[in-house]
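Working notes, beginning with the structure itself.
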Amino acid sequence: MNLTQLPDNPYLLLTPGPLSTSKGVKAAMLRDWCTWDNEYNDLVQVIRRKLVGLAGANHDDYTTVLMQGSGSFSVEAVVGSVVPTDGKLIVLTNGAYGNRLAQMAQVLKIDTQVLDFGEVSPAEASKLQEILENDPQISHVAVVHCETTTGMLNPIDEVAKVAKEAGKVLIVDAMSSFGGISIDVAGLGIDFLISSANKCIQGVPGFGFILAKTEELKKCKGQARSLSLDLYDQWETMEKHNGKWRYTSPTHVVRAFYQALVELEEEGGVEKRHVRYRENQRTLVEGMERLGFSTLLTKEWQSPIITSFYFPESPAFTFAAFYERLKKEGFVIYPGKISVADTFRIGNIGEVYPHDMKRLVQAVEQNIFW
Ligand SMILES: *Cc1c(COP(=O)(O)O)cnc(C)c1O
């Protein structure tokens, strides 16, 4: 396959999930696979091993489960499978994804406490500690690593320390950070970490994955509140039948994901990708600040994944017009998602480089119509 023959995308996706993918990743989808063929299942097994490797985790202690659907389906599979009927979950939240996780637990009638830090403050481990000391019923703690709603990077190391010292099972939604920020999964003692194909690994949407401490996962047998989203069952099938999925798997997406993992290795791994994302973010913010924009978050809590900017103060500014103009220039951005301020968001991840951020800033400068 000659990659230069593939048409260019009409715009760069600066929307972290789905995001811009390489031509290699897109080209990998141009053939069909049989879901029960060994060649395909071997590929799934390689992917599962590579994911455990990316987490820096010991292969003996950790395992991977792949799950059909968007990232939320994997979050729901974890929430619905790991908390036993007599368990209680506390969810630390400061945005839409933390709230969604809590909502899932509530829909599943799991005893749930929500610890809300508002939209622009990081999760505080000391608050969690206080609650855990006073409520021995709590068995599970859930936290979002990068809250994509704002770009906030929550201090999961501090949260993990408190949760693990108290002997709780720890669930981390690292959907938008895994693969773009190093996470010492084993060192932090994370029991279940969730991410998906179409974020920092730079694949296309279609499935999520869960890194799980094998010993904790084994306790979930027969516990799921859903058949399709039974984490233990899905894992058991993959283990016993050499990478076989229960039900139809997104074969093209899986093949593209394998290519994305190879390209991550070629780039130099998670550390190198992190450097590129940080450089993207720095180039973007410096350029936008020069044009008079300011960021919602202080640098201390800002992730290299996505950046929220305040609307400019002119009444002539509308997000819709801004969006359309930038789209014509070849860039698609995100609306804001919080209630305390009018913001828009620009993703820094995907097949996107600092020179793209420079081009974007130029496009913004040329389209200041307010
Ligand atoms: C993208 C994302 C999800 C999953 O969202 P989907 O739309 O279901 O893919 C969950 N949590 C976080 C933090 C995310 O960024």
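The analysis underlying the following values was restricted to heavy atoms, covering all of them including side chains, and did not include hydrogens, waters or symmetry mates. Each ligand, and each atom within it, is numbered from 1 in the order the structure gives.
Scanning the protein heavy atoms around atom 3 (C) of ligand 1, the nearest turns out to be M175 CG, 3.4 Å. When only non-hydrogen protein atoms are considered, atom 14 (C) of ligand 1 lies nearest to K199 NZ, 3.0 Å. For atom 9 (O) of ligand 1, the closest non-hydrogen atom on the protein side is G71 N, 3.1 Å. In this structure, the protein non-hydrogen atom closest to atom 15 (O) of ligand 1 is T148 OG1, 2.5 Å.
There is no side-chain donor-acceptor pair under 3.5 Å between R100 and Q103. There is no side-chain donor-acceptor pair under 3.5 Å between E119 and T149. For the residue pair N94/N154, the side-chain donor-acceptor check at 3.5 Å is satisfied. In this structure, a donor-acceptor pair under 3.5 Å is absent between the side chains of Q366 and Q362. If you check the side chains of H252 and D32, you find a donor sitting under 3.5 Å from an acceptor.
Atoms of ligand 1 lying under 4.0 Å from at least one heavy atom of S176, given by number and element, are 15 (O). The contact set between ligand 1 and S70, taken as ligand atoms under 4.0 Å from a residue heavy atom, comprises 6 (P), 8 (O), 9 (O). When each atom of ligand 1 is checked for a heavy atom of S72 under 4.0 Å away, the hits are 4 (C), 5 (O), 6 (P), 8 (O). Against a heavy-atom cut-off of under 4.0 Å, V144 is close to the following atoms of ligand 1: 13 (C).
On a distance-only criterion, Y97 and ligand 1 share no N/O pair closer than 3.5 Å. Remark: ligand 1 and D173 share an N or O pair separated by less than 3.5 Å (distance only, no angle test). Of the N or O atoms in F73, none lie within a sub-3.5 Å distance of an N or O in ligand 1.
Taking 4.5 Å as the limit, every side-chain heavy atom of T93 sits out of range of all side-chain heavy atoms of L115.
Here Y334 and F344 keep their ring centres 6.0 angstrom or further from each other.
Under 4.0 Å from ligand 1, not a single heavy atom of H145 appears. In C146, the part holding a heavy atom less than 4.0 Å from any atom of ligand 1 is the backbone.
Assignment of E147 to the shell around ligand 1 is not supported, since no heavy atom sits closer than 4.0 Å.
When each of N348, T343, T150, N280 is checked for a side chain to side chain donor-acceptor pair (under 3.5 Å) with T307, only N348 meets the rule.
Salt bridge R290/E286: absent, no basic N to carboxylate O contact under 4.0 Å.
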